[in-house]
There are 2 protein chains.
Amino acid sequence: MATRAGRQGGQGVNEIPLPALFTQAKDVTLAVLHRRLDEEGFEGIRYSHGAVFRFIDAEGSRLTVLAERSGLSKQALGEVVTELERHGYVERTTDPDDHRAKIIRLTERGTEAQVAAARILGDIERRWAQHLGRDRITGMRRVLEEVVRFERG
Amino acid sequence: MATRAGRQGGQGVNEIPLPALFTQAKDVTLAVLHRRLDEEGFEGIRYSHGAVFRFIDAEGSRLTVLAERSGLSKQALGEVVTELERHGYVERTTDPDDHRAKIIRLTERGTEAQVAAARILGDIERRWAQHLGRDRITGMRRVLEEVVRFERG
DNA sequence: CGTAATTCGTCAGGCGACTTGACAATACCG
DNA sequence: CGGTATTGTCAAGTCGCCTGACGAATTACG
């Protein structure tokens with residue numbers, strides 16, 4: 001409904017701009033992921049929660065560590081953790097060895113959500129592979145990774 | 001600094017999740033685009049400004065039309081237009097045929113910015129093609145487009 | 001025609017997702 | 001010990017978007 005082409009630059013730039021293309025790909029993927037998670041009973045999960053699910057250690061991790069790994073400020077990550085805690089996906093415990101720090105740990109439900117998310121993302125990619133070609137999808141992955149590495153120097 | 005792998009799900013999900021991958025690709029592309037635009041003297045341009053640059057007609061367009069095409073609310077787009085106006089990239093004129101409506105038009109500087117952005121994005125893609133392979137880049141484009149179409153289908 | 005319904009753009013307020021600054025509690029080090 | 005660094009939280013602000021409400025202008029209709 002909003003797809004337009006042509007008419008842009010001076011010469012014929014008929015392609016959708018790269019940033020928009022990447023954004024659309026992200027958005028559709030995320031929409032499917034969150035819908036499925038919701039259907040499986042994992043409610044209230046949002047994009048930024050991935051900062052915890054992706055980077056947390058099996059034994060639990062400190063807030064500061066998660067903030068570093070995800071690139072978020074510790075304040076922002078603290079907020080994310082509070083929200084996940086409210087939904088029962090993680091719990092905060094004071095580190096017995098360092099009473100300043102708290103250890104963030106996945107609850108059982110949190111681990112289930114983590115596993116489900118990984119499985120769903122795998123399903124999505126497999127479905128794409130079936131419909132569009134296995135090599136093309138794995139190729140896209142590799143090219144994207146290389147592009148990111150290339151531009152970051 | 002934040003790249004981690006392994007340890008996620010239960011089985012070995014060693015790949016970076018798709019949404020994160022797409023986001024990173026978008027971010028690096030946008031960083032290069034905005035840096036170059038800035039270097040060429042086109043300052044203050046942000047991601048959302050693309051909603052105007054991408055969808056505006058050569059003769060100018062109504063706010064409502066741009067909002068529809070871009071998928072933003074007309075309020076949000078109005079704000080974007082105000083900002084572009086302040087930077088001298090567009091101008092608002094009351095439609096002589098319909099005094100409720102206003103026509104948004106690119107100024108000369110605005111058109112130059114539009115052309116520059118298209119050129120820079122083309123340069124980026126060409127540079128990727130040189131370093132990573134022409135076919136792989138155009139392949140990535142096509143796969144992304146098909147993926148988006150597939151999931152919206 | 002006159003009036004009612006619709007459309008255009010803007011103002012106001014709110015929310016989500018971040019940021020920086022400041023700070024108490026705790027730990028580390030010479 | 002006393003000074004310094006670290007951990008996590010509170011507070012406040014920004015940014016980019018949203019919905020609701022509205023005046024002004026236009027269109028539809030009885």
Side-chain angles (χ1 to χ4, degrees), chain A residues 2 19-20 23-24 26-27 30-31 34 43-57 59-87 89-105, chain B residues 2 19-20 23-24 26-27 30-31 34 43-57 60-87 90-105:
Chain A
T23 299
Q24 287 176 19
K26 185 204 87 173
D27 288 346
L30 227 47
H34 288 153
E43 287 157 35
I45 293 187
R46 291 200 329 273
Y47 178 62
S48 56
H49 296 166
V52 171
F53 286 122
R54 283 178 64 196
F55 297 118
I56 196 167
D57 292 304
E59 338 84 63
S61 300
R62 290 191 177 183
L63 186 80
T64 306
V65 170
L66 292 179
E68 253 172 47
R69 290 181 183 169
S70 67
L72 293 183
S73 65
K74 53 187 184 172
Q75 294 91 328
L77 204 117
E79 184 55 37
V80 168
V81 167
T82 300
E83 207 173 315
L84 286 171
E85 202 177 21
R86 224 182 304 127
H87 282 83
Y89 295 117
V90 303
E91 54 192 7
R92 263 188 251 244
T93 332
T94 302
D95 186 337
D97 300 337
D98 183 344
H99 281 227
R100 291 169 306 178
K102 300 195 178 162
I103 311 245
I104 320 293
R105 259 193 217 82
Chain B
T23 300
Q24 286 176 20
K26 185 203 89 173
D27 288 346
L30 227 47
H34 289 155
E43 286 158 35
I45 293 187
R46 290 199 335 267
Y47 178 61
S48 57
H49 296 164
V52 170
F53 286 122
R54 283 177 65 198
F55 297 118
I56 196 167
D57 292 304
S61 299
R62 289 190 178 184
L63 185 82
T64 306
V65 170
L66 293 179
E68 255 171 47
R69 290 181 183 169
S70 67
L72 293 182
S73 65
K74 54 187 184 172
Q75 295 91 328
L77 204 118
E79 185 55 37
V80 168
V81 167
T82 300
E83 208 172 313
L84 286 171
E85 202 177 22
R86 224 182 305 127
H87 283 83
V90 304
E91 55 193 6
R92 262 189 251 244
T93 332
T94 302
D95 186 337
D97 300 337
D98 183 344
H99 281 226
R100 292 169 305 178
K102 300 197 176 161
I103 310 240
I104 320 294
R105 262 194 214 82

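In the text below, chain A, chain B and the rest are named by the order of the sequence lines, each starting its count at 1.
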Starting at atom CG of A/Leu84, determine the distance to atom P of C/dA17, rounded to an integer number of angstrom.
11 Å
Could I get the full list of salt bridge (Lys or Arg N to Asp or Glu O under 4.0 Å) partners for A/Asp98, not counting sequence neighbours?
A/Arg62, A/Arg100
N or O in side chain of B/Arg46 less than 4.0 angstrom from D/dG16 OP1/OP2:
yes
Test your reading of the model: is there a side-chain donor-acceptor pair from A/His87 to the backbone of A/Leu84, 3.5 Å cut-off?
no
Report yes if at least one side-chain N or O of B/Thr64 is closer than 4.0 Å to OP1 or OP2 of C/dT7; otherwise report no.
no
Between A/Ala51 and A/Leu72 the two heavy atoms that sit nearest each other are CB-CD1, 4.1 Å
In residues 72-79 of chain A, what residues come within less than 4.0 Å of DNA chain C, judged by heavy atoms?
A/Leu72, A/Ser73, A/Gln75, A/Ala76
Which parts of residues 92-102 of chain B get close to DNA chain D, meaning a heavy atom less than 4.0 angstrom away?
B/Asp98, B/His99, B/Arg100
Using distance alone, with no hydrogens and no angle criterion, decide if B/Arg54 and B/Ser70 have a side-chain donor and acceptor under 3.5 Å apart.
no
Measuring to OP1 and OP2 of C/dG9, would you say a side-chain N or O of B/Arg62 lies under 4.0 angstrom away?
no
Under 4.5 Å between any side-chain heavy atoms of A/Arg92 and A/Thr82, yes or no?
yes
Rounded to whole Å, please give me the gap between NE2 in B/His49 and P in D/dC15.
12 Å
Starting from P on C/dA17, measure out to CD1 on A/Ile45 and report it in whole angstrom.
13 Å
For A/Val52 and A/Tyr89: C-alpha separation, side-chain torsions, deciding distance, then whether side-chain contact (heavy atoms from CB on, under 4.5 Å) applies.
CA-CA 10 Å; A/Val52 171; A/Tyr89 295 117; over 6 Å; no
Residues B/Arg69 and B/Asp57 bridged, charged N to O under 4.0 Å
yes
Identify the two heavy atoms, one from A/Thr93 and one from A/Arg105, that lie closest to each other, and give their separation to 0.1 Å.
OG1-NH1, 3.2 Å
Ignoring backbone atoms, establish whether A/Ser48 has a side-chain N or O less than 4.0 Å from OP1 or OP2 of C/dC18.
yes
